[in-house]
K.L.:
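The structure is given below, and queries will be raised subsequently.
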Amino acid sequence: MSKYAILVHNDSYIVNIQGGNMKRIRLIYSLLIISFITALGFSIYFYEHVQTINQEMEKVYSPEVTLPKYHFVLIVEEMEHEYWQLIGEGAKDAGQKYDVLVEYIGPERSNTEEQLKLFDKAIKSKVDGIIVQGLNENFTDMINKAERQEIPVVTIDTDSPESMRHAYIGSDNYMAGQLAGKALVEDTNGLATVGIITGSLDNPHHLERLKGFKDVVEQEEDIKIVAVEESKITRVDVEEKAYNILTEHENITAFFGTSSYNGIGIVSAANSLQRENDMYVITFDTIDENMELLKNGDIGAIVEQHPFEMGYLSVEKMIDIMNGKQTKEITHTNSSIIRKTSLDIEETMVVPNDKN
Ligand code: BGC
């Protein structure tokens, strides 16, 4: 029997087939309705999204929203270093006041090659001004390159006086070294065997600090400098160098460190050789870790610099340059000596004020 004959002669089969078709049709309708609703939902969503984007674009291009007046780049030695972050904060503070975008850039760990690459990039991007250290001849060349393209440069922290830079803002590094020397003479009563760890044996600011220090202590008959080593700014190197100096010269009684991390490394080395109690340490910068070591007596004195102020003034100086104002070429920020005793004095001075 053919299939057709079955359809004709078997009623229930026909009903089943019709029921099946109905279900399929309902399913198709439902799918169509769901697809329609989904498509409608998407259309509404995208329409609103495009509207929001349009509104934002209108805001950006509307005459009320203006771009900052200038774009300055601050190239630092180490992005995460507390000292440089303070310089960055000062620069950004001034940037806010004067409507300037201050871009804070630099390598994660001290790396002059990377700094120079960033410097070159800033020149190519034709920023309005560049704030940077003058660390060596390569920096001098790059400063001159920027200035020849009419991008003014302000050196910060380390000067490059032989370059074409417009101005320098930072410590008088020779004088700061002298201050360290005088403090050591006073605190050791002019009797010491000294080891020195310097951030670098090439960078001008460390050399100036070293010279200032030597010029003072070498006038003292009973002070002898027996070793000078370089830390390349890293903590690990300082500790290793200090450890080597201490084992080679067991008679050392004092250390001078010319940059921020030197004191920390010297103290660790002295601790590991159980020399901390008979060791006088003087180092640079009031970063938090140094202040802790000063408070607990592991560091005898700190040469304080003013990084926040350096950052702030460098932006102000650049604004003056933008406005064609004749300004001072060199601005020295303060340096001073901080001892535990000066902290004690400050603390006792704070108490009566608190009570008022
Ligand atoms: C120096 C900076 C240096 C920093 C970190 C400071 O004393 O002035 O040039 O980057 O120490 O070691």
Side-chain angles (χ1 to χ4, degrees), residues 74-91 104-116 118-119 131-136 139 154-160 168-180 183 196-213 229-239 241-242 255-267 281-291 293-294 299 301-311 313-314 331-338:
L74 165 63
I75 305 167
V76 303
E77 189 163 16
E78 275 194 358
M79 289 281 277
E80 302 295 326
H81 197 297
E82 195 183 320
Y83 173 87
W84 286 103
Q85 284 179 338
L86 284 169
I87 290 190
E89 278 171 31
Y104 176 88
I105 54 172
E108 257 177 52
R109 292 276 159 270
S110 171
N111 178 338
T112 47
E113 290 305 307
E114 213 178 304
Q115 266 179 297
L116 285 163
L118 292 169
F119 198 166
I131 302 163
V132 68
Q133 292 166 289
L135 287 175
N136 56 38
F139 281 75
V154 170
T155 48
I156 191 163
D157 174 74
T158 324
D159 196 11
S160 173
Y168 166 68
I169 309 280
S171 306
D172 177 336
N173 286 300
Y174 176 76
M175 204 269 286
Q178 283 186 309
L179 281 181
I196 298 177
I197 308 264
T198 173
S200 149
L201 284 167
D202 302 315
N203 298 162
H205 57 329
H206 292 294
L207 290 174
E208 284 162 23
R209 291 173 193 177
L210 188 60
K211 182 159 184 350
F213 179 82
E229 291 283 348
E230 136 184 88
S231 68
K232 300 222 162 69
I233 315 287
T234 70
R235 288 162 184 260
V236 192
D237 276 19
V238 189
E239 192 172 338
K241 296 284 166 70
F255 262 103
F256 168 47
T258 72
S259 73
S260 306
Y261 289 148
N262 290 353
I264 302 160
I266 292 165
V267 169
V281 180
I282 178 161
T283 190
F284 264 72
D285 298 320
T286 50
I287 59 171
D288 291 346
E289 283 172 274
N290 283 346
M291 291 305 280
L293 294 174
L294 183 75
I299 284 180
I302 295 177
V303 183
E304 184 184 31
Q305 303 191 81
H306 291 271
F308 182 92
E309 199 184 347
M310 288 181 207
L313 293 178
S314 64
T331 306
H332 283 143
T333 47
N334 258 351
S335 318
S336 51
I337 297 292
I338 307 270

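Both counts, for ligands and for their atoms, begin at 1 and track the order of listing. Positions are given from 1 along the sequence.
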K.L.:
List by chain and number: which residues place a heavy atom under 4.0 Å from ligand 1?
P.N.:
E77, H81, Y83, W84, Q133, D157, H205, R209, I233, S259, S260, D285, Q305

K.L.:
Going by distance alone, is a donor N or O of one side chain under 3.5 Å from an acceptor N or O of the other, for H206 and T258?
P.N.:
yes

K.L.:
Check the side chains of T283 and N262 for a donor-acceptor pair under 3.5 angstrom, ignoring hydrogens and angles.
P.N.:
no

K.L.:
With sequence neighbours left out, what residues match Q85 under side-chain hydrogen bond (donor to acceptor under 3.5 Å, both in side chains)?
P.N.:
none

K.L.:
Hydrogens and angles aside, do S171 and Q305 bring a side-chain donor and acceptor to less than 3.5 Å of each other?
P.N.:
yes

K.L.:
Can you name the salt bridge (charged side-chain N to carboxylate O under 4.0 Å, His left out) partners of D285, sequence neighbours left out?
P.N.:
none

K.L.:
Quick one: salt bridge (charged side-chain N to carboxylate O under 4.0 Å, His left out) partners of E230, sequence neighbours excluded?
P.N.:
K232

